[in-house]
Amino acid sequence: MSSKKKALIITYYWPPAGGSGVQRWLKFVKYLRDFDIEPIIYTVKNPSYPILDDSLLSEIPEGIEIVKQPIFEPNSLLSIFGSKSKKESAGFLDPNPSSLGKIMQYIRANYFIPDARKYWIKPSVRFLSNYIEKNAVDVVITTGPPHSLQLIGLQLKKQKGVKWISDFRDPWTEIDYFHQLPLTKKATKKHHILEEEVIRKSDMILVVGDTMKKNFLKYSDSIEVITNGFDTNKKTSIHELDNKFSITHVGLMNDDRNPTVLWQVLKELCDSNTDFNNNLKIRLIGKVANSIVQDLSMFEASTIELIPYLKHEEVSNYQSTSQVLLLCINNVPSAKGIITGKIFEYLQSKRPILAIGPENGDASVILKNTNAGCIFDFHEKEKLKAYILSLYKQYKVSSLVVESKNIEQYHRRNLTKKLANVINNITVSYTHLRAHETKANL
């Protein structure tokens, strides 16, 4: 019987990190052994996570080797001058920074390229070069952001000749907030050069959507789309739906995700329909920008429910009991390619999904292929209003359901099977070469 292949996975986010960044590779690691691949985790010893979720520690498979090395993060020094650093690292850029805040943003954008974890690159390459010499590793996998980790993989590829997969959970220069950064032309050029080199030198690139793949094809054709997904719920009990006509959003909602057209429609319906006003519940779970809180002040206080953060296992209860699940795509130039991880969690909940975003984007394709909901453009007011009224009428007669289909392709185990196939395909020649070299040295 052949031994398992070993995959060295380099990730910054690892439990007890909370939020969306940790989910993708935690779930891959959970199922990789099912496909004869043994994961080895390399991560930070002293991380600075904006969100913690200790409940995720229980999902780490028993006996997994986890190697940790310390990191120096300049954000810890910059935060001495204010409290914005954690806010920004959690997906928020201050739209109205102070003079000092502007200076801090400029420094971060132009002097820490690709990001503030750049000082982990050299010590990690030294450590892992030594580790790879002493331990059999079939493939190195780096996942970003932070994209500094992609540069660790790049250097290991150059120095050790390892097989290397670069995984892009989010884009690099096409990420939603890139255009907001106060980048100089020189810094912008450097980002693009580094991104191109990573893509060209990778043996395989993993992306989460078709638009990102199309953007990368100009540099490489070794690209595989493996989306994010949902995992099996531990709890199988059936929850009753909310009594109210609840519209629930889960996750970060920054200024770019503010669905102003939705608030306008809901307010108009509240003003014109007392029954609708009495039944409406807007629930936002996660960090919310101040501008959105201000927009919501037009509604009665009893209509709004803000929950700053919930552990991942608790979120599913709210998703399963909500009448409607709200999905907001960032209103940015790269909106078409944005697929938020929550869309797959929503699919598992089997509640109607109401999305605000580009009708020709990647998220729209997923909704159409699964029959899980409808998406409306950022300014498509009348169609949105008609759709919400149709949902409300179904709610009133207790018939608000969704007949979704084809969602099992997004189960984490099925996605991990795709990943295992990628690993096997790119390592087969490398494994044979290594075996030949070993035999020759005997």
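We number each residue from 1, following the sequence as shown.
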May I ask you to decide if the ring planes of [X] and [Y] are parallel, tilted or perpendicular, using 30° and 60° as cut-offs?
X: W172; Y: F168; value: tilted
X: Y12; Y: W120; value: perpendicular
X: F112; Y: Y119; value: perpendicular

Open item on the list: Test your reading of the model: is there a side-chain donor-acceptor pair from S334 to the backbone of E174, 3.5 Å cut-off?
Closed with: yes
Answer with yes or no whether the side chains of [Y] and [X] bring together a donor and an acceptor at under 3.5 Å.
X: D256; Y: Q180; value: yes
X: T143; Y: R169; value: yes
X: E73; Y: S48; value: no
X: N330; Y: Y177; value: no

TODO: In sequence, state the C-alpha distance, the side-chain angles, and the governing distance for I141 and W25, and then conclude on side-chain contact (heavy atoms from CB on, under 4.5 Å).
DONE: CA-CA 10 Å; I141 303 173; W25 282 94; 3.5 Å; yes
Are the charged groups of [X] and [Y] less than 4.0 angstrom apart, N to O?
X: K267; Y: D271; answer: yes
X: K5; Y: E38; answer: no
X: E59; Y: K27; answer: yes

Task: Nearest-0.5 Å distance that lies between atom CD1 in I366 and atom OH in Y346 - done: 14.0 Å
TODO: Could you walk me through whether K213 and I205 pass the side-chain contact (heavy atoms from CB on, under 4.5 Å) test, one step at a time?
DONE: CA-CA 9 Å; K213 178 178 179 177; I205 303 99; over 6 Å; no
Task: Among R413, H411, R412, the one residue meeting side-chain hydrogen bond (donor to acceptor under 3.5 Å, both in side chains) with T232 - done: H411
Task: Check: Y219 ring centroid to F216 ring centroid under 6.0 Å - done: no
Side-chain donor/acceptor pairs under 3.5 Å, residues 298-306, sequence neighbours excluded:
unit_1 : atom_1 : unit_2 : atom_2 : d
E300   : OE2    : N277   : ND2    : 3.1
E305   : OE1    : R283   : NE     : 2.9

With a 4.5 Å heavy-atom cut-off, do [X] and [Y] have their side chains touching?
X: D210; Y: V365; answer: no
X: L266; Y: F276; answer: yes
X: D138; Y: K163; answer: no

Task: Flag if over 12 foreign heavy atoms under 6.0 Å of NZ, K417 - done: no
Open item on the list: How about NZ on K218, more than 12 heavy atoms from neighbouring residues, nucleotides or ligands closer than 6.0 Å, or not?
Closed with: yes
Task: Worked check of side-chain contact (heavy atoms from CB on, under 4.5 Å) between I9 and L32 - done: CA-CA 12 Å; I9 299 163; L32 271 174; 4.1 Å; yes
Task: Summary of side-chain hydrogen bond (donor to acceptor under 3.5 Å, both in side chains) pairs that have at least one residue in residues 372-389, sequence neighbours excluded - done: E268-K381, E268-K385, E380-K383
Task: For E197, salt bridge (Lys or Arg N to Asp or Glu O under 4.0 Å) partners two or more places apart - done: K158, K201
